[in-house]
Trainee: 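Here it is, the structure, as structure tokens.
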Amino acid sequence: MIARELIAPPPYAEDVQLGLFGSQKTLPCKLFYDRAGSALFEQITRLPEYYPTRTELEILCGHGAEIAKEVRPGVTVVELGSGTATKTTTLLQAFSRRQMRVPYVPVDISPAALAEAQERVQSQCTRVSVRPVVADFSQGFGFLRNIRGRKLVLYLGSSIGNFDPGPAVEMLSQIRSQLAAGDALLLGTDLVKDPSILVPAYDDAQGITAQFNKNILARLNRELGANFDLSFFSHIAAWSPVKSRIEIYLESLRPQVVDLGLLNSRVKLANGERIHTENSYKYTMPMVREMLELSGFSLDASWFDDRTWFALHLARV
Ligand code: TRP
């Protein structure tokens, strides 16, 4: 066996260490999306309880033409965190009905996802020219400066809801600072609704979301050589009306000590103690308006699905 100290720990090791030894234990949500986690998330988007993906698509299908009409012809569509761009083709088709050529710049951290996005868009949208950009948003949005002409920046999927209010405004301000007069942002947000709809979306009957959450522990077992027993944890999704967010935790089902492998440390968990893994904010219209205005945008128009469960907002610089 190779000595532990000879194997370099992964780049997220320090965040794991800090997170597990604070007073409220936490694990970084970026750990969700390894290969197994991304496949589980794909499954989540198709669950009957997980309404956000299909509801946003419903808005894009039903109102894509109106959205395209609000933007001047000649615009370049830039999508932040495009992934494989499954939802975007609908909107791009609406744009290509209004302008001869639609430049589309999908931006993502995953080159594999971008290759799939390019393939999909080129085969489904003939007048759209795709120019993918690989970027890590933690390094800023400087790449926006290199895209010429008027821009419509898409930030779909309510990923904004995974940021606390301060960091969300900080990020939107950073995007804003790379844009010029005439540019716009199309932002997806999930909306506040009855907890009987919100909670099952994050705690489905088939247990796929539980598997997705616990995959963080499985990943630490695989990559750090930790020894989390997944059956000693339960998946928790709790609605906080005060914070207007779904809070996701892993709750320890017994007192236990877990060896963190390459971190050369052991973490002690009490019975019922929770490790926080994610927040998903749900917005009201005043919350959306305030977030956009604090970031230097003005809210121009919003589109909703029939049940007003989700919204797309057009914000101008
Ligand atoms: N961040 C997405 C959301 O808030 C993805 C997500 C769905 C998620 N289910 C989850 C994140 C469960 C953590 C745990 O909708």
Side-chain angles (χ1 to χ4, degrees), residues 12 15-16 19 24-59 79-84 86-87 108-110 113 137-138 154-165 167-168 171 187-195 197-220 228 230 233-240 243-251 274-284 287-288 291 305 309-312:
Y12 59 75
D15 292 342
V16 169
Q24 161 67 70
K25 291 185 172 59
T26 165
L27 281 168
C29 58
K30 64 182 173 200
L31 289 181
F32 280 129
Y33 298 95
D34 65 349
R35 188 188 281 275
S38 301
L40 285 165
F41 184 66
E42 278 286 310
Q43 273 182 271
I44 288 175
T45 63
R46 291 190 291 266
L47 289 170
E49 297 95 334
Y50 194 75
Y51 61 84
T53 310
R54 79 178 65 89
T55 307
E56 186 176 44
L57 184 61
E58 180 189 324
I59 302 172
E79 182 171 18
L80 304 178
S82 64
T84 60
T86 35
K87 281 177 291 196
D108 206 275
I109 195 166
S110 160
F137 303 142
S138 66
L154 313 181
Y155 193 45
L156 304 178
S158 199
S159 298
I160 193 72
N162 298 130
F163 293 87
D164 285 327
M171 192 194 59
L187 179 71
T189 64
D190 199 4
L191 300 176
V192 170
K193 61 185 70 61
D194 199 280
I197 298 155
L198 284 171
V199 173
Y202 292 87
D203 192 6
D204 63 280
Q206 291 170 61
I208 307 290
T209 310
Q211 245 180 288
F212 175 70
N213 196 15
K214 289 186 188 183
N215 177 57
I216 291 198
L217 303 180
R219 181 173 181 184
L220 297 181
F228 286 98
L230 273 51
F233 289 87
S234 101
H235 164 73
I236 307 280
W239 168 243
S240 165
K243 298 264 173 92
S244 201
R245 68 191 191 192
I246 288 279
E247 299 172 349
I248 310 284
Y249 301 94
L250 290 158
E251 185 174 298
R274 292 176 172 189
I275 304 172
H276 179 254
T277 54
E278 178 86 296
N279 291 321
S280 190
Y281 283 84
K282 307 302 166 189
Y283 298 86
T284 60
M287 285 168 72
V288 171
M291 173 168 68
D305 56 292
W309 280 6
F310 200 94
L312 288 175

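Start at 1 and go down the list; that is how both ligands and their atoms are numbered. What you see is a predicted model, and the numbers here were worked out from it, not measured in a lab.
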Trainee: Applying side-chain hydrogen bond (donor to acceptor under 3.5 Å, both in side chains), name anything that partners Lys243, two or more places apart in sequence or on another chain.
Mentor: none
Trainee: Phe212 and Tyr33: aromatic ring centres closer than 6.0 Å?
Mentor: yes
Trainee: Could you list the residues that satisfy side-chain hydrogen bond (donor to acceptor under 3.5 Å, both in side chains) with Lys87, not counting sequence neighbours?
Mentor: Glu56
Trainee: Enumerate the protein residues lying less than 4.0 Å from ligand 1, judged by heavy-atom distances, in chain and residue-number order.
Mentor: Phe32, Tyr33, Phe41, Tyr50, Asn162, Tyr202, Thr209, Phe212, Ile248, Glu278, Ser280
Trainee: Looking only at side chains, do Thr55 and Asp305 share a donor and an acceptor under 3.5 Å apart?
Mentor: no
Trainee: Tell me yes or no: between the side chains of Asp164 and Tyr281, is some donor less than 3.5 Å from an acceptor?
Mentor: yes
Trainee: What pairs with Tyr155 under ring pair (Phe, Tyr, Trp, His ring centres under 6.0 Å), at least two apart in sequence or on another chain?
Mentor: none
